Amino acid sequence: MFSVEVWPENWTAWSLFDALQTQWRAGAGGVVGLDYGVLADELRAREIPHEEHDRLRAEVRIMEAAALHEIYAETEK
């Protein structure tokens, strides 16, 4: 386990990304991305206003892309 500092303005997006940590989709070639159906469920369950959903999805996608980059960088070593 590791610790990271999360700025307050990023906390909601980070907590959503963290909640999806077991929701990765995988194919024959490995991990391909997060299950965004689960993200929609999580947004509703947390009663996050609909006006914030697009921004939060975009922020989660940024973290997903960074995670995928690291995952595949490790497999290339």
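The residues of the chain are indexed from 1 along the displayed sequence. Everything numeric in this text was worked out from a predicted model, so none of it was measured.
- Taking the side chain as every heavy atom from C-beta outward, Trp11 and Leu16 never approach each other to under 4.5 Å.
- Contact check for Arg25 versus Val31: no side-chain heavy atoms found under the 4.5 Å cut-off.
- Of the candidates His50, Glu51, Arg46, Arg46 is the only one forming a side-chain contact (heavy atoms from CB on, under 4.5 Å) with Ile48.
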Inset, instruction - Let me see the working for Trp14 and Val60 under side-chain contact (heavy atoms from CB on, under 4.5 Å), right down to the final yes or no. - result: CA-CA 7 Å; Trp14 166 253; Val60 168; over 6 Å; no
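- Shortest non-hydrogen contact noted between Gly29 and Tyr72 is O-OH, 3.7 Å.
- Rounding to the nearest 0.5 Å places CD of Glu5 at 10.5 Å from CG of Asn10.
- The only member of Gln21, Met63, Glu64 that meets side-chain contact (heavy atoms from CB on, under 4.5 Å) when paired with Leu34 is Glu64.
- Separation of atoms OG1 (Thr12) and CD (Glu59) is listed at 8.5 Å; rounding is to 0.5 Å.
- Note that CG of Asp41 and CZ of Arg44 are 5.0 Å apart. Values are rounded to the nearest 0.5 Å.
- Separation of atoms CG (Leu43) and NE2 (His53) is listed at 4.5 Å; rounding is to 0.5 Å.
- Residues satisfying the salt bridge (charged side-chain N to carboxylate O under 4.0 Å, His left out) criterion with Asp18, sequence neighbours excluded, are absent altogether.
- The hydrophobic cluster containing Leu39 also contains Val6, counting ILVMFWY residues as joined when their side-chain heavy atoms lie under 4.5 angstrom apart, directly or transitively.
- In this structure, the separation between CZ on Phe17 and CD1 on Ile62 is 11.5 Å, given to the nearest 0.5 Å.
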